[in-house]
Structures are given as C-alpha cells and as structure tokens.
Student: 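After the structure tokens below, expect a handful of questions from me.
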Amino acid sequence: MLTSLRYLTGTAGPSGFGSRATAEDATAACSDLRHITAIITGATSGIGAETARILAKRGARLVLPARSLKAAAEARARLLAECPAAGDVVVMPLDLSSLASVRRFAARFLALGLPLNLLINNAGKFADRFALSDDGVEMTFATNYLGHFLLTKLLLEKMAETARATGVEGRIVNVSSTIHSWFAGEDAVGYIDGVTRKKIPYDPTKAYALSKLANVLHTRALDDRLKEMKANVTANCVHPGIVRTRLIRERDGLVTSNYSPHLLFPFFFWEKSQQIYQHPSMKFTQEMILTADAVFFLASKLLKTIPQAAATTCYVAVHPAVAGVSGKYFADCNEASPSRLGSSADEASKLWRFSEEMAAEEKESVHVGSFRLQVQSSNADRGLAFA
C-alpha cells in the first residue's frame with residue numbers, strides 16, 4: 001500500500017527521485033557525458049528514443065542498432081538537430097530476433113575500434129500471435145531476451161577492456177518490467193521449450209512476462225560473471241513504469257494503436273476488453289462507449305509520460321549514486337524487489353546455461369575473414385550506415 005501511495009503521489013524515494021521524475025531530472029547531475037560511448041537498442045521510438053535524446057544532450061556518443069535503417073537514420077537526424085552537444089551518432093543494422101544478425105552487429109561494431117562504456121538493452125516487442133524466429137525460438141523470447149543475451153555476451157570483453165583502459169565504470173542496463181512477476185510457479189526453461197515446440201498453447205501475455213522475467217534473471221547471473229571476471233562493469237535491470245501510449249478512437253470504441261512493452265499490461269482488463277470490443281458480434285450503445293472512455297481516461301492518469309518512463313533507465317545508466325551497484329532491480333529511480341522467481345539464483349543459473357545452448361553457433365557456418373557467421377541472414381542486415 002505504501003509503495004502504491006508513493007507512486008501515485010510521486011513521492012521521492014531514497015535516491016531523491018520518484019515516479020514523476022523525468023529523464024532530464026534523473027541526469028541533472030551528469031551534465032557532461034562526452035567520455036561515454038553507449039549502445040541503445042530500440043532507440044528509434046518511445047522510451048529508447050527519449051533515453052537516446054537525454055544521453056545525446058549530455059554529449060555522449062551513441063550507437064543506434066535497428067531493424068530499419070530508415071527509422072534509425074531519421075532518429076539520428078532528430079538527435080543531431082535537437083542536441084547540438086551530441087557526440088557521434090552511429091547507425092547500424094540489427095535484428096535482435098536473429099542470432100546471426102546479432103553476431104554480425106557485434107563484429108561490425110568491434111571492427112570500428114570504438115570504446116564501449118554503456119549498453120542499454122531496451123528493445124522489446126509483444127507478439128499477439130505465435131511466431132518463431134529464424135533460429136526456431138518463440139519470437140517474444142528471442143527478441144526481448146535471447147538476442148540481448150547474446151549481444152551482451154559478445155560485447156562484454158570490450159566493455160571490460162574499455163573500463164580498464166579509461167578507469168570509467170562500464171554499465172549494462174536491462175529494461176525489464178513489473179510484468180515479470182506475472183510468470184510465477186512454473187519452470188521458465190520448461191515453459192519456453194514447451195511453447196516453442198508447440199506442446200503448450202501460446203499465451204501472448206505469459207510469453208511477454210516470461211521474456212521480462214528472463215531479463216531479470218539475466219541481470220542476476222550476469223552480475224555473478226562480472227564479479228568472476230573482476231571487471232569494472234555493473235549490470236542492473238529496470239522497470240520503466242506504466243507508460244502513456246497513443247489511443248485511437250474507432251467507431252466501435254477505444255482500441256490501443258499497438259501492443260507495446262511496458263504500456264498497458266498492468267491494466268490487464270484492457271487486453272481482454274480489446275478482444276471484446278473488436279469481436280464482430282458485439283454491439284455497443286453510446287452509453288457503454290462513454291463509460292469505457294471514462295475508465296480509460298481515469299486509468300490514463302496513473303500512466304507515466306515517456307520522459308518519466310525513461311527516467312529510471314537514465315538514472316541507472318549514468319547517475320553517480322549508482323556507481324558500484326550491480327545485480328539490482330530498479331523502479332522509479334530507486335532499488336526495488338523483483339519477484340520471488342526473479343530473485344532465484346538457481347533459476348538464473350539454469351536460464352544462463354539454457355541460453356548459452358540456444359545461442360550457440362550452428363554447425364553449418366561460414367568463415368568471413370576472422371568472423372564466424374551463420375549462413376542464415378536477416379533482412380535487417382542488408383545494409384550498413386554510420387557516421
């Protein structure tokens with residue numbers, strides 16, 4: 001109850017920030033980030049775009065991986081126009097659902113010879129229909145977790161090397177969600193295996209919750225490995241909050257313009273209401289539509305704006321108060337507690353082993369120079385642009 005009241009009132013926690021703090025507020029103490037090179041996935045829109053804007057405004061060099069080079073180029077143009085102090089903004093192709101694409105991105109980035117201080121694993125998706133990635137992995141899990149797992153693994157030594165050479169602590173930020181707690185009482189590895197093999201019916205909300213739980217468990221296991229490496233690099237995960245998104249009014253009521261991570265899930269009845277609203281057999285009176293409008297309006301007052309939602313990511317990424325803090329879960333710019341399953345060291349270790357097996361290179365591969373690449377390719381890799 002106390003936590004809910006603090007959220008509703010925006011009361012500051014021990015960090016000095018609360019649910020109403022913006023990314024600008026959370027980084028006010030970090031005005032000069034010209035020494036930072038950051039990779040931010042999912043930076044072409046939403047929370048990722050605001051995170052990129054704030055870091056660019058403080059002078060950081062940014063690398064923006066994206067499936068669509070056009071969208072990334074437009075994001076780059078906006079950043080350079082709005083942030084005169086921005087360092088270089090590099091655009092590179094990456095399809096996180098494809099392990100081959102992740103390997104190509106990592107190889108291309110490392111070939112640039114840039115340092116790497118900050119990795120923000122922000123990109124995510126909600127697949128309302130069952131689909132498999134190029135690697136035969138359930139699409140939500142592949143995009144939200146497995147791609148980030150491999151990306152982090154391939155860039156970890158570069159981050160450790162940068163930290164040694166510069167004396168600047170490296171930081172990895174995994175963007176999770178409070179929805180991770182919705183997956184409970186089950187074997188995570190067994191569930192994803194069952195869904196992928198179609199032995200278990202696909203539930204989009206459950207699949208999303210599992211992918212976010214995997215982000216939390218990844219953070220815990222990654223922290224252990226960073227300590228084993230004695231690397232001056234930390235790993236933390238964040239819940240950005242419940243985010244205000246676009247609502248589209250249609251003749252038969254209100255529907256969300258798209259399902260997007262972290263947005264409307266805590267209002268679970270909304271998901272179910274969408275199915276009802278859009279069912280062809282359902283007819284609604286004007287009074288029913290007005291009532292639904294009122295419910296959505298009241299609920300929207302509990303939602304965060306994009307600048308507020310990006311605050312926790314930016315705080316954990318660059319704030320001095322988080323120096324040396326690792327393996328933790330943050331919400332509203334303060335340390336919080338993940339679910340019981342998300343706190344399990346055994347589950348974290350089990351998922352790590354499972355992920356390494358899933359992300360292992362296939363036997364059918366080709367050698368290009370010093371890089372070993374899978375034969376499979378993704379449309380996202382058919383081009384490369386950077387500046």
Student: Say whether Val216 and Phe183 are linked into one hydrophobic cluster, either directly or through other cluster members, by side-chain heavy-atom distances under 4.5 angstrom.
Tutor: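 They do not share one cluster, since no chain of ILVMFWY contacts under 4.5 Å joins Val216 to Phe183.
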Student: Distance check, rounded to the nearest 0.5 Å: Asn122 atom CG versus Ile39 atom CD1?
Tutor: 13.5 Å
Student: Does the side chain of Leu55 reach to within under 4.5 Å of the side chain of Val318, using non-hydrogen atoms?
Tutor: yes
Student: Would you please say whether a donor-acceptor pair under 3.5 Å links the side chains of Ser344 and Asp346?
Tutor: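 No, no side-chain donor-acceptor pair sits under 3.5 Å.
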Student: Is it possible for you to say whether Leu118 and Leu64 belong to one hydrophobic cluster, with membership spreading through side-chain heavy-atom contacts below 4.5 Å?
Tutor: yes
Student: Does Val316 offer a backbone N or O that forms a donor-acceptor pair with the side chain of Arg171 under 3.5 Å?
Tutor: yes
Student: Using modelled atom types only, decide if a donor and an acceptor are shared between the side chain of Ser101 and the backbone of Ser98 within a distance under 3.5 Å.
Tutor: no
Student: Can you name the closest pair of heavy atoms from Leu222 and Ala235 and give their distance?
Tutor: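 That would be CD2-CB, 3.6 Å.
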Student: Going by atom types only, do Asp193 and Thr196 share a side-chain donor-acceptor pair under 3.5 Å?
Tutor: no
Student: Is it the case that the side chains of Glu138 and Thr140 hold a donor-acceptor pair, with the cut-off being a distance below 3.5 Å and no angle test?
Tutor: yes
Student: So, Arg58 versus Ser31: side-chain donor-acceptor pair below 3.5 Å or not?
Tutor: no
Student: How close do Thr312 and Cys333 get, heavy atom to heavy atom, and via which atoms?
Tutor: OG1-N, 3.1 Å
Student: Quick one, Glu24 with Arg53, criterion side chain to side chain contact (heavy atoms under 4.5 Å, CB included). Give me CA distance, side-chain angles, the key distance, then yes/no.
Tutor: CA-CA 10 Å; Glu24 292 267 9; Arg53 186 185 75 82; 3.3 Å; yes
Student: Treating Thr27 as the side-chain partner and Cys30 as the backbone partner, does any N or O pair qualify as donor plus acceptor under 3.5 Å?
Tutor: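 Side chain of Thr27 to backbone of Cys30: no pair is present.
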Student: Kindly indicate whether the side chain of Ile120, heavy atoms from C-beta on, has any atom under 4.5 Å from the side chain of Thr51.
Tutor: yes
Student: Looking at Ala331, is its backbone amide N or carbonyl O close enough to the side chain of His239 to form a donor-acceptor pair, meaning the two atoms are under 3.5 Å apart?
Tutor: no
Student: Does the side chain of Asn334 come under 3.5 Å of the side chain of Ser15 through a donor N or O and an acceptor N or O?
Tutor: yes
Student: Just how far is it from atom CG of Leu151 to atom CD1 of Ile172, taken to the nearest 0.5 Å?
Tutor: 9.5 Å
Student: Any sub-3.5 Å donor-acceptor pair from Asp88's side-chain atoms to Arg61's backbone N or O?
Tutor: no
Student: Give the C-alpha distance, both sets of side-chain angles, the deciding distance and a yes or no for side-chain hydrogen bond (donor to acceptor under 3.5 Å, both in side chains) between Asn174 and Ser176.
Tutor: CA-CA 6 Å; Asn174 289 330; Ser176 181; over 6 Å; no
Student: Looking at Arg225, Lys227, Arg220, which hits salt bridge (charged side-chain N to carboxylate O under 4.0 Å, His left out) with Asp223?
Tutor: Lys227
Student: Please check if Ile40 and Val322 belong to a single hydrophobic cluster, counting links between Ile, Leu, Val, Met, Phe, Trp and Tyr side chain heavy atoms closer than 4.5 Å.
Tutor: yes
Student: Backbone N or O of Ser326 within a donor-acceptor pair of the Thr234 side chain at under 3.5 Å?
Tutor: no
Student: With under 30° as parallel and over 60° as perpendicular, where do the rings of Phe105 and Phe109 fit, or are they tilted in between?
Tutor: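 Phe105 and Phe109: parallel rings.
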Student: With the 4.5 Å side-chain cut-off for hydrophobic clustering, are Val195 and Met139 part of the same group?
Tutor: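 Different clusters: Val195 never reaches Met139 through Ile, Leu, Val, Met, Phe, Trp or Tyr contacts under 4.5 Å.
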Student: Just do the side chain to side chain contact (heavy atoms under 4.5 Å, CB included) check on Ser97 and Asp134 with the steps written out, would you?
Tutor: CA-CA 7 Å; Ser97 72; Asp134 289 345; 5.8 Å; no
Student: Looking at every non-hydrogen atom in both residues, tell me the closest pair between Thr41 and Ala123 and how far apart they are.
Tutor: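 In this case the closest contact between Thr41 and Ala123 is OG1-N, 2.9 Å.
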Student: So, Asn121 versus Thr152: side-chain donor-acceptor pair below 3.5 Å or not?
Tutor: yes
Student: Output the distance between atom CG (Leu96) and atom OG (Ser133), rounded to the nearest 0.5 Å.
Tutor: 11.5 Å
Student: So, are Glu357 and Arg353 salt-bridged, with charged N and O less than 4.0 Å apart?
Tutor: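 Looking at Arg353 together with Glu357, the answer is no, because their closest N to O distance does not fall below 4.0 Å.
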Student: His180 side chain to Ser177 main-chain N or O, any donor-acceptor pair under 3.5 Å?
Tutor: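 At least one qualifying donor-acceptor pair exists.
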Student: Check whether Lys328 reaches the backbone of Val238 with its side chain - one donor and one acceptor, N or O, closer than 3.5 Å.
Tutor: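 A pair under 3.5 Å: no.
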Student: Does Val137 form a side chain to side chain contact (heavy atoms under 4.5 Å, CB included) with Leu132? I'd like the steps, not just the answer.
Tutor: CA-CA 5 Å; Val137 182; Leu132 294 177; 5.9 Å; no
Student: Please check if Val233 and Leu119 belong to a single hydrophobic cluster, counting links between Ile, Leu, Val, Met, Phe, Trp and Tyr side chain heavy atoms closer than 4.5 Å.
Tutor: yes
Student: Might you point out which heavy atoms bring Asn144 and Gly124 nearest each other, and give the distance in Å?
Tutor: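 Closest heavy-atom pair between Asn144 and Gly124: OD1-CA, 3.1 Å.
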Student: Given side chains that start at C-beta, do those of Phe330 and Val325 come closer than 4.5 Å, heavy atoms only?
Tutor: yes
Student: Centroid separation under 6.0 Å, is that true for the rings of Tyr208 and Trp182?
Tutor: no
Student: I'd like to know if Arg164 and Glu157 make a salt bridge, using a cut-off of under 4.0 Å between side-chain N and carboxylate O.
Tutor: yes
Student: Are any of the side-chain heavy atoms of Tyr329 and Asn236 separated by less than 4.5 Å?
Tutor: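 Not in contact.
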Student: Measuring from Ser211:OG to Phe141:CZ, what's the distance to the nearest 0.5 Å?
Tutor: 8.0 Å
Student: Rounded to the nearest 0.5 Å, what separates atom CD in Gln308 from atom CD1 in Ile242?
Tutor: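 It is 12.0 Å, given to the nearest 0.5 Å.
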Student: Does any donor atom in the side chain of His35 or Thr166 lie under 3.5 Å from an acceptor atom in the other side chain?
Tutor: no
Student: Shortest non-hydrogen contact from Leu79 to Ala56?
Tutor: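 Looks like CD2-CB, 4.2 Å.
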Student: Are Asp187 and Lys350 within salt-bridge range, i.e. N to O under 4.0 Å?
Tutor: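 Yes, charged N to carboxylate O under 4.0 Å.
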Student: Quick check: closest heavy atoms across Pro240 and Lys304, and the distance to 0.1 Å?
Tutor: O-NZ, 3.3 Å
Student: Decide yes or no on side chain to side chain contact (heavy atoms under 4.5 Å, CB included) for Glu356 and Trp352, but give the supporting numbers first.
Tutor: CA-CA 6 Å; Glu356 287 199 315; Trp352 184 281; 3.3 Å; yes
Student: Whether Glu50 and Lys57 form a salt bridge (side-chain N of Lys/Arg under 4.0 Å from carboxylate O of Asp/Glu) is what I want to check.
Tutor: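 Judged by the 4.0 Å cut-off on N to carboxylate O distance, Lys57 and Glu50 do not form a salt bridge.
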Student: Quick one: pull up OG1 in Thr44 and CG in Leu69 and give me the separation to the nearest 0.5 Å.
Tutor: 11.0 Å
